[in-house]
Amino acid sequence: MLDTIREHVTEGNIKAVPAAVQQALDEGFKADVILNEALIPAMRHVGELFEEGEYFVPEMLMAARAMQAGLVILKPLLAEIGAEPIGKVAIGTVKGDLHDIGKSLVAMMMEGAGFAIMDMGVDVPPEKFVEAVHNGAQIIAMSALLTTTMPNMGVTIKAIEEAGLRDKVKIMVGGAPVTQAYADQIGADAFSTDASAAARTALSLLNG
Ligand code: B1M
């Protein structure tokens, strides 16, 4: 049954995943086992297929949505058994920037990796990121798609510094115009090129 769920997620079969998850529960599989041994490994595999050039953004989005359809069923049960997320990420597209798709993909891949996600949406001002750190975010993940909005990543990092919270949080950045050199220049802890790499980066930030 877990193999079947993994296959459906990898294929992005949004209808089949919830049905298979429900069937697994009916057969006695525990919610955390379905999460950790089917949904999360399937998304990891999808990330690998993306990095190998076998999958593109649409396939990755379909898989992420299929996984989320399964998560809808599991979430209340996971809360009941107290399965803890591995960490808390607050993610948003920076102030002035309305591009949503890449940020949402990153959020989905991170959720697939086991993180609790606070998705703050688009056009997120620095003070909202600061508030997220106050609310327990261990990682701030900022996306920007415009060369004109990229500087707001640096402004946000400064705001977090000025609030005296810089040592309480790891900060990662990404988006089409962002580079490692830029991330270094503004004092971010990490940069990733795509959603799958971002999920791996978040894991290593948390462990390092
Ligand atoms: Co706009 N747009 N857009 N746009 N748009 C771009 C970005 C642009 C490159 C198009 C172009 O001119 N060739 C250009 C930017 C130029 C620049 O600054 N260098 C541009 C422009 C100019 C604009 C407007 C200013 C246009 C105008 O009104 N004159 C305007 C700005 C609005 C605003 O934000 N204030 C605008 C508006 C829009 C739409 C609203 C129409 C729409 C967005 C809809 C939406 O998001 N809901 C839109 C779109 C769709 C695009 C393009 C075509 C596609 C962006 C996209 O979704 N890509 C884009 C051209 C292009 O990229 N080819 C373009 C797919 C997505 C999966 O990729 O977001 O790069 P991406 O995310 C990747 C990685 O970057 C990475 O992982 C993701 C998945 O692998 N990543 C991270 C992203 N965030 C990350 C965070 C991380 C790590 C990795 O860690 C935290």
Side-chain angles (χ1 to χ4, degrees), residues 10 12 43-68 85-126 128-130 132-133 137-160 166 169-208:
T10 308
M43 279 310 283
R44 200 177 304 131
H45 182 50
V46 168
E48 286 161 5
L49 292 172
F50 176 74
E51 280 165 21
E52 287 161 10
E54 199 153 318
Y55 268 20
F56 295 95
V57 168
E59 287 91 352
M60 192 152 70
L61 267 177
M62 293 291 282
R65 286 186 186 140
M67 184 207 73
Q68 286 201 321
I86 56 174
K88 219 174 184 186
V89 178
I91 188 166
T93 307
V94 293
K95 187 172 178 182
D97 199 321
L98 303 176
H99 294 86
D100 177 61
I101 299 167
K103 179 270 300 165
S104 298
L105 202 49
V106 171
M108 286 181 196
M109 292 303 287
M110 286 179 171
E111 189 167 28
F115 285 95
I117 304 296
M118 295 185 234
D119 189 340
M120 297 185 290
V122 297
D123 192 19
V124 181
K128 284 269 173 207
F129 284 108
V130 171
V133 184
Q138 292 151 293
I139 297 176
I140 290 291
M142 286 186 272
S143 180
L145 263 282
L146 300 171
T147 44
T148 49
T149 58
M150 268 165 66
N152 286 333
M153 294 176 153
V155 173
T156 302
I157 294 176
K158 283 226 164 63
I160 291 171
R166 185 63 186 91
V169 70
K170 298 287 184 188
I171 300 177
M172 54 186 291
V173 294
V178 183
T179 59
Q180 180 66 58
Y182 190 73
D184 294 342
Q185 187 191 318
I186 60 174
D189 296 304
F191 157 76
S192 309
T193 49
D194 59 60
S196 161
R200 277 189 283 105
T201 303
L203 282 171
S204 63
L205 279 178
L206 204 67
N207 296 329

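Please read these numbers as outputs of a predicted model, since none were measured by experiment. Nothing fancy with the numbering, it's 1 onward along the sequence. Order of listing sets the numbers, starting from 1, for every ligand and every atom in it. Reckoned from all heavy atoms, side chains included, excluding hydrogens, waters and symmetry mates.
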Does any N or O of ligand 1 fall below 3.5 Å from an N or O anywhere on [X], backbone included?
| X | answer |
| --- | --- |
| Gly96 | yes |
| Thr148 | no |
| Thr147 | yes |
| Asp100 | yes |

Quiz item: Within a distance of under 4.0 Å, is there any protein heavy atom near atom 24 (C) of ligand 1?
Solution: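 No, no protein heavy atom sits under 4.0 Å from atom 24 (C) of ligand 1.
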Quiz prompt | Flag: protein heavy atom within less than 4.0 Å of atom 53 (C) of ligand 1 | solution =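 So far as the 4.0 Å threshold goes, atom 53 (C) of ligand 1 is out of reach of every protein heavy atom.
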[X]: numbered ligand 1 atoms lying under 4.0 Å from its heavy atoms:
| X | value |
| --- | --- |
| Ala141 | 91 (C) |
| Asp97 | 34 (O) |
| Ser192 | 88 (C), 89 (C) |
| Gly175 | 75 (O), 81 (N), 82 (C), 83 (C), 84 (N), 85 (C) |
| Met172 | 90 (O), 91 (C) |

Out of [options], who gets a non-hydrogen atom closest to [atom]?
| atom | options | result |
| --- | --- | --- |
| atom 20 (C) of ligand 1 | Thr201, Leu146, Leu98, Ile139 | Leu146 |
| atom 71 (P) of ligand 1 | Ala202, Gly102, Ala197, Ala183 | Gly102 |
| atom 80 (O) of ligand 1 | Ala195, Gly174, Ser104, Ala198 | Ala195 |

One residue to check: [X]. Relative to ligand 1, which of side chain, backbone, both or neither has a non-hydrogen atom less than 4.0 Å away?
| X | answer |
| --- | --- |
| Ile91 | neither |
| Ala176 | both |
| Leu105 | side chain |

Protein residue, atom and distance nearest to [atom], heavy-atom basis:
| atom | value |
| --- | --- |
| atom 76 (C) of ligand 1 | Thr193 O, 3.4 Å |
| atom 69 (O) of ligand 1 | Leu145 CD2, 3.3 Å |
| atom 44 (C) of ligand 1 | Ile101 CD1, 4.6 Å |
| atom 3 (N) of ligand 1 | His99 NE2, 3.0 Å |

Practice problem: Could you tell me whether Arg166 and Asp189 have a side-chain N and a carboxylate O separated by less than 4.0 Å? | Solution: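 Asp189 and Arg166: salt-bridged.
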Quiz item: Would you call Arg200-Glu48 a salt bridge at under 4.0 Å N-O?
Solution: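 No salt bridge links Arg200 with Glu48.
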Quiz item: Within the side chain of Gln138, is there an N or O that forms a donor-acceptor pair under 3.5 Å with the backbone of Gly87?
Solution: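 No.
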Exercise. Starting from the C-alpha separation in whole Å, work towards a yes-or-no answer on side chain to side chain contact (heavy atoms under 4.5 Å, CB included) for Thr201 and Phe191.
Key: CA-CA 8 Å; Thr201 303; Phe191 157 76; over 6 Å; no
